[in-house]
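A quick write-up on the structure given underneath.
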There are 2 protein chains.
Amino acid sequence: MFLNDKYETQMKKGVLDMLVLKLLENEEKYGYQIISELKEKSGERFTLKEGTLYPILYRLEDEQLVVSKWSEPEGKKVPRKYYGITQIGKQELLELETLWRDIYHNAAKIMEGSQDE
Amino acid sequence: MFLNDKYETQMKKGVLDMLVLKLLENEEKYGYQIISELKEKSGERFTLKEGTLYPILYRLEDEQLVVSKWSEPEGKKVPRKYYGITQIGKQELLELETLWRDIYHNAAKIMEGSQDE
DNA sequence: ATTATATACTTAGTAATACAAAGTACTTGT
DNA sequence: ACAAGTACTTTGTATTACTAAGTATATAAT
């Protein structure tokens, strides 16, 4: 199953950023929480290692689509870094979803023999 | 529109190989023909430059999903390299489509708030 | 006849990303 | 005390879409 693993990796590219933005749409979340929700809500199809997620978050922050702040640890001693979506991030999320669906539907035309679906 | 261009590039990754295989499913074709059909059938969403397509074809050939042969130029003097899908290629195409749709649907679950679609 | 455009294939270099792997550090369960 | 889970960071690798340039022939325009 090596070949399919390779293609799966490639097919996820670009989509992960969109999914992370989506999870932050209504609520601030921290890294590990994002990994858990992504895994659970995607039927385990999107099961990220930390080394995959955190670079995505740093990138989104560079692009000013999210902002982060460290939590003041009250009861729990482990500091957490919370990520929230920005106004720019919300707008970009809308554009990304449109783009993503458009790419899918146009590819689907070819996969179904130039038929609209 | 720089950011969206970047994401569009990423979101196409992996999908192009599948689309090229699909176009070869029923008929041998040559490079330029593939570019034309891909552009036309995808509503111009997939408009490849030669420098994008040919490396894909070489890769598919390395993976033994397609085979190529030069045409004997009879009337027309320009030699063409025709690509045809192999048996392995046909099977891989089926698996790629399944994988691609699965990734899309599981991502869609997240994009629609953990709803099945 | 010369120029431009289209066809047809090739190659080198760049930017970007998902992932593996390893590391640091704290907390909880046994 | 030890293992396992939580939480974040960093480095290195493989892969791919794209730009750009190059080679070459055929056809249409000036």
Side-chain angles (χ1 to χ4, degrees), chain A residues 2-20 29-39 42 45-63 68-83 96 99 103 107, chain B residues 2-20 29-39 42 45-63 68-83 96 99 103 107:
Chain A
F2 298 132
L3 196 52
N4 284 2
D5 286 350
K6 188 193 70 169
Y7 279 114
E8 176 165 357
T9 294
Q10 294 303 323
M11 286 182 180
K12 286 178 177 172
K13 291 199 173 176
V15 179
L16 295 182
D17 287 39
M18 180 183 73
L19 296 181
V20 169
K29 285 167 187 163
Y30 59 94
Y32 240 72
Q33 187 181 5
I34 295 173
I35 289 176
S36 305
E37 292 191 15
L38 210 47
K39 181 178 176 183
S42 71
R45 174 58 81 185
F46 294 93
T47 304
L48 306 190
K49 295 284 170 52
E50 307 100 297
T52 302
L53 177 69
Y54 290 107
I56 289 174
L57 290 170
Y58 307 150
R59 184 163 64 233
L60 293 175
E61 204 170 5
D62 280 345
E63 291 164 351
S68 69
K69 58 167 185 277
W70 283 95
S71 67
E72 294 301 315
E74 297 175 25
K76 42 205 75 172
K77 296 287 170 47
V78 186
R80 289 169 171 171
K81 203 172 175 181
Y82 279 85
Y83 290 87
L96 284 181
L99 175 63
I103 289 173
Chain B
F2 298 132
L3 197 53
N4 285 2
D5 285 350
K6 187 193 70 168
Y7 279 113
E8 175 165 358
T9 294
Q10 296 302 323
M11 287 181 179
K12 286 178 178 174
K13 291 199 172 175
V15 179
L16 295 183
D17 288 39
M18 180 184 72
L19 296 181
V20 169
K29 285 165 186 165
Y30 59 94
Y32 240 72
Q33 188 182 5
I34 295 173
I35 289 176
S36 304
E37 290 190 15
L38 211 48
K39 181 178 177 184
S42 71
R45 173 59 79 187
F46 294 94
T47 304
L48 305 190
K49 295 283 169 55
E50 306 100 297
T52 301
L53 176 68
Y54 289 107
I56 289 174
L57 289 171
Y58 306 151
R59 182 162 66 233
L60 294 176
E61 205 171 3
D62 279 346
E63 291 164 349
S68 69
K69 58 168 186 275
W70 284 95
S71 65
E72 295 300 314
E74 296 174 27
K76 44 204 73 169
K77 296 287 169 50
V78 186
R80 290 168 171 172
K81 205 172 175 182
Y82 279 85
Y83 290 87
L96 284 180
L99 175 64
I103 290 173

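Computed from heavy atoms alone, side chains included, the values below leave out hydrogens, waters and symmetry copies. Chain identifiers are assigned alphabetically (A, B, ...) following the order of the sequence lines, protein sequences preceding nucleic acid strands; residue numbering begins at 1 within each chain.
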From [options], pick the nucleotide closest to the side chain of [X]?
| X | options | answer |
| --- | --- | --- |
| Arg80(A) | dC9(C), dT6(D), dA18(C) | dT6(D) |
| Val78(A) | dA7(D), dT16(D), dC18(D) | dA7(D) |
| Pro55(A) | dA17(D), dT10(C), dT10(D) | dT10(D) |
| Arg59(A) | dA16(C), dT11(C), dA18(C) | dA18(C) |

Tell me what [X] touches on the nucleic acid: a base, only sugar-phosphate, or nothing, going by heavy atoms under 4.0 Å.
| X | answer |
| --- | --- |
| Thr9(B) | sugar-phosphate |
| Gly31(A) | sugar-phosphate |
| Glu50(B) | base |

So, is [X] close to the [N] phosphate, meaning a side-chain N or O under 4.0 Å from OP1 or OP2?
| X | N | result |
| --- | --- | --- |
| Tyr58(A) | dT9(D) | yes |
| Lys6(A) | dT16(D) | yes |
| Tyr32(A) | dC8(D) | no |
| Lys49(B) | dA21(D) | no |
| Tyr30(A) | dA7(D) | yes |

(message) Using a strict threshold of under 4.0 Å (side-chain N to carboxylate O), is an ion pair present between Lys6(A) and Glu63(B)?
(response) yes
Rounding to an integer number of Å, can you tell me how far [X] [atom1] sits from [N] [atom2]?
| X | N | atom1 | atom2 | value |
| --- | --- | --- | --- | --- |
| Gln33(B) | dA6(C) | CD | P | 19 Å |
| Ile35(B) | dA17(D) | CD1 | P | 13 Å |
| Tyr54(B) | dA21(D) | OH | P | 19 Å |
| Glu8(A) | dA20(C) | CD | P | 10 Å |
| Gln10(B) | dA18(C) | CD | P | 7 Å |
| Lys39(B) | dT7(C) | NZ | C1' | 14 Å |
| Leu16(A) | dT16(D) | CG | P | 17 Å |
| Ile56(A) | dT10(D) | CD1 | P | 16 Å |

(request) Report the residue from Glu61(A), Lys29(A), Gln33(A) that forms a side-chain contact (heavy atoms from CB on, under 4.5 Å) with Tyr83(A). (result) Glu61(A)
(message) Given 3.5 Å as the limit, does a donor-acceptor pair link the side chain of Thr52(B) with the main chain of Leu48(B), or not?
(response) no
(request) Could you grab the distance from atom CG of Leu57(A) to atom CG of Asp62(A), nearest 0.5 Å is fine? (result) 11.0 Å
(request) By nearest nucleotide on DNA chain C, pick out whichever of Tyr82(B) and Lys13(B) is the more 5' one. (result) Tyr82(B)
(request) Taking all heavy atoms of Ile103(A) and all of Phe46(B), pick out the closest pair and write down the distance. (result) CG2-CZ, 3.8 Å
(request) Might you point out which heavy atoms bring Arg45(A) and Leu99(B) nearest each other, and give the distance in Å? (result) NH1-CD1, 3.8 Å
